[in-house]
Engineer: 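Sharing a structure with you now.
Chain identifiers are assigned alphabetically (A, B, ...) following the order of the sequence lines, protein sequences preceding nucleic acid strands; residue numbering begins at 1 within each chain.
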Amino acid sequence: MPLQTRRTRFPRVVIERDTDTEESSSEEEEEEETGVVDEEDVTDNENGGKVEEKSLDALHSKNKGKAPITISLKKVCKVCKKAGHEAGFKGATYIDCPMKPCFLCKMPGHTTITCPHRVAMERGVIPAPRRNTGFPLDYIFERQLRTNVPMIKPPFVIPDQLDCAVIRYHSRRITCLEFHPTNNNILLSGDKKGQLGVWHYSKVYEKTVYGNIHSCILNNIRFNPTNDETVYGASSDGTVSSTDLETGMSFSLMDLNPDGWQGPSSWRMLYGMEINQEKGLVLVADNFGYLYLVDMRSNNKVGETILIHKKGSKVVGLHCNPVQPELLLSCGNDHFARIWDIRRLEAGASLYDLPHGRVVNSAYFSPRSGTKILTTAQDNRLRVWDSIFGEMHSPSREIVHSHDFNRHLTPFRAEWDPKDPSESLAVIGRYISENYNGAALHPIDFIDTSTGRLIAEVMEPNITTISPVNKLHPRDDVMASGSSRSIFIWKNKKSELLEGKDEKKIVHCGKAGKKSNKKFGGESDDDSDADTFSSKGKNSKSKRSESKSSHTCLTKVKR
DNA sequence: AAACGATGCCCCC
DNA sequence: TGGGGGCCCTCGTT
């Protein structure tokens, strides 16, 4: 039937409101003020509300438009598309779709709100039950293996106070962070575009971004152990770079795509990277499951490429054992973390294969003894192996924690606190938001991996974006976070008081968006670049979340 | 100002 | 094996 005919003969349309007892949100109430719509509105459904035509056949009836068309504007869940319930934010609290498995632990039968593993503000993470509990041998193993762990843990020191930040430093999201190994106040950062940032955060304004090193995602940065003025970079452009931090001069040690872009099936990307100082090697791994060795003296690829994960799957993480550097830990998209002996690297020759429920984002040996392993997998679980000399068949603990995969986010990676002598404190950003006094915030979680307990959740009312990248300083009580394009430095309240500082410094870089409603990044109306800034006092801490920070590039916050 | 799409994700059908 | 779609995302462009 021609549209013209339909339009002229179209009958009056009545919208039948949903009679559910559910309270509707304010936005929907606005929408429902429309009682009568024309034809366009019938097919053009607004705000995700599904419109059902109940008497479509009236269109085809011979009674030209006499019967009114009744439309039912049912509230429909935007997740499962079914009526009768809704999912989404109610204020700052997200309501799960009850038809889906729990968003947190991925088990059916409940939602995040009622999940037994839920991270609540005042309670800790509840560790998943141990798979091997109940056997007497476990207890003996546990006793033997834990003898070198201090019986009384020293108190954890949490860098929980925002000290300074660079907003819109990078032009794309942050992908990796690395502290300088000897200079305590230098932080390196990589972004999705492949740019490398060097920030002297103690001076706040001394920062540089090198943009010509890589053409896409800079996945990992490692310092040259024999010259900490140069760093290696592994990128999705398929190259390993070596860059002088002072000059920004760089060269490529290896290029896996010498013929350029020939389509996604052949383009090689480098993700995992690690240095083995003893052997003088840079180890990198690609998105097809292969490991490459590059000699740091000759700057050339050496040896054969070795298939270390399932062919065609991405290898995202490499880590050499800090005590026994010939032990290599790898992880990737084949749902495994694997332990290798570097002296005997060949396909299938791994010492251990550690299975996971999903893709493994990261796997790290513990930083001091090297005997523990901590992994982050996309099944929303952190896994801990208490000793690589003990039972490796299954992890000692699984800790349910929200760090879901999302294609627009840098993958979450739980990392050990290198300063914790008990090797139990780890940090990881949280994906799922929590309602903190009306604001949906994504905290950075500090977890005691020996118990699964949530030690601290660090957040700031002004930081509304997720912080997937977090790095703890090797010596200071400092943490760096990458959240979207911004970088934040956190310090411990006590140590900061000792230094006598009483203000925060926020630097806005690049052009400020006029539209963004983010607390950080969008509030600046001027388009001045990072070199020009002014300072201005601000409100007290309790009011910070509601205060717009004006037209300044530098914002000082009195504590 | 909303809508759209993004090499670079990953899972599942 | 390939294509489509995805629950709390993001940012630049149109």
Engineer: Measure the distance from CG on A:D191 to C1' on C:dT10 and round it to the nearest whole Å.
Structural biologist: 14 Å
Engineer: Checking A:S189 against A:W199 for the side chain to side chain donor-acceptor pair (under 3.5 Å) test, could you report, in this order, the C-alpha distance in whole Å, the side-chain angles of both residues, the deciding distance, and whether it holds?
Structural biologist: CA-CA 8 Å; A:S189 50; A:W199 183 24; over 6 Å; no
Engineer: Can you tell me how far P of B:dG8 sits from CD of A:Q262, to the nearest Å?
Structural biologist: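 The distance from CD of A:Q262 to P of B:dG8 comes to 17 Å, rounded to the nearest Å.
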Engineer: If we take the C1' atom in both C:dG4 and B:dG5, what is their distance in whole Å?
Structural biologist: 16 Å
Engineer: Could you check how far CZ of A:R485 sits from C1' of C:dC9, rounded to whole Å?
Structural biologist: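 These atoms are roughly 15 Å apart.
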Engineer: I need the CG-P distance between A:L409 and B:dC10, as an integer number of Å.
Structural biologist: 12 Å
Engineer: For the residue pair A:W385 and A:H356, categorise the inter-ring angle as parallel (less than 30°), tilted (30 to 60°) or perpendicular (more than 60°).
Structural biologist: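 Rings of A:W385 and A:H356: tilted, 30 to 60°.
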Engineer: Taking the C1' atom in each of B:dA1 and C:dC8, what is the distance between them to the nearest angstrom?
Structural biologist: 24 Å
Engineer: Between protein and nucleotides 6-8 of chain C, what N or O pairs are separated by less than 3.5 Å?
Structural biologist:
residue : atom : partner : partner atom : Å
C:dG6   : N1   : A:R407  : NH1          : 3.3
C:dC7   : O2   : A:Y94   : OH           : 2.8
C:dC7   : N4   : A:P101  : O            : 3.0
C:dC8   : O2   : A:S433  : N            : 3.1
C:dC8   : O2   : A:S433  : OG           : 2.6

Engineer: When the ring planes of A:Y364 and A:H319 are compared, do they come out parallel, tilted or perpendicular, using 30° and 60° as the limits?
Structural biologist: perpendicular
Engineer: Grab the CD1-P distance between A:I174 and C:dT10 for me, whole Å please.
Structural biologist: 14 Å
Engineer: Using the closest heavy atom to pick a nucleotide of DNA chain B for each, name whichever of A:P264 or A:P411 lands nearer the 5' end.
Structural biologist: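 Result: A:P264.
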Engineer: Grab the CG-P distance between A:D379 and B:dC9 for me, whole Å please.
Structural biologist: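 Taking CG of A:D379 and P of B:dC9, I get 19 Å after rounding.
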Engineer: Tell me whether the centres of the aromatic rings in A:H309 and A:W340 are closer together than 6.0 Å.
Structural biologist: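 For A:H309 and A:W340, the ring centres are not under 6.0 Å apart.
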Engineer: Can you name the closest pair of heavy atoms from A:S236 and A:M269 and give their distance?
Structural biologist: O-CG, 3.0 Å
Engineer: Can you tell me if A:K314 touches the phosphate of B:dC10, counting only side-chain N or O atoms and a distance under 4.0 Å to OP1 or OP2?
Structural biologist: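 A:K314 to B:dC10 OP1/OP2: side-chain N or O found under 4.0 Å.
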Engineer: Cut-off 3.5 Å, side chains only: do A:H214 and A:T239 have a donor facing an acceptor?
Structural biologist: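 Checked: A:H214/A:T239 side chains pair up, N/O donor to acceptor below 3.5 Å.
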Engineer: Indicate whether the side chain of A:T465 and that of A:S483 have a donor and an acceptor atom separated by less than 3.5 Å.
Structural biologist: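 Their side chains do contain a donor-acceptor pair, which is all the 3.5 Å distance test asks for.
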Engineer: Would you kindly give the CG-to-P distance between A:D286 and B:dG8, to the nearest whole Å?
Structural biologist: 17 Å
Engineer: Mind checking whether A:Y94 and A:F89 have parallel, tilted or perpendicular rings, split at 30° and 60°?
Structural biologist: perpendicular
Engineer: Report the secondary structure of DNA chain B in dot-bracket form, marking unpaired bases with a dot and bases paired to a different strand with |, and treating Watson-Crick or G-U pairs with both distances under 3.5 Å as paired.
Structural biologist: .|||||..|||||
Engineer: Could you tell me how far apart A:H335 (NE2) and B:dC9 (C1') are, to the nearest whole angstrom?
Structural biologist: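 The answer, rounded to whole Å, is 12 Å.
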Engineer: On DNA chain C, nearest-nucleotide positions of A:R172 versus A:H408: which is more 5'?
Structural biologist: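 Upstream on the strand: A:H408.
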Engineer: Test salt bridge (Lys or Arg N to Asp or Glu O under 4.0 Å) on A:D445 and A:R430; report intermediate values, then the result.
Structural biologist: CA-CA 7 Å; A:D445 289 331; A:R430 198 191 304 173; 2.7 Å; yes
Engineer: Does C:dC9 have its OP1 or OP2 closer than 4.0 Å to a side-chain nitrogen or oxygen of A:R430?
Structural biologist: no
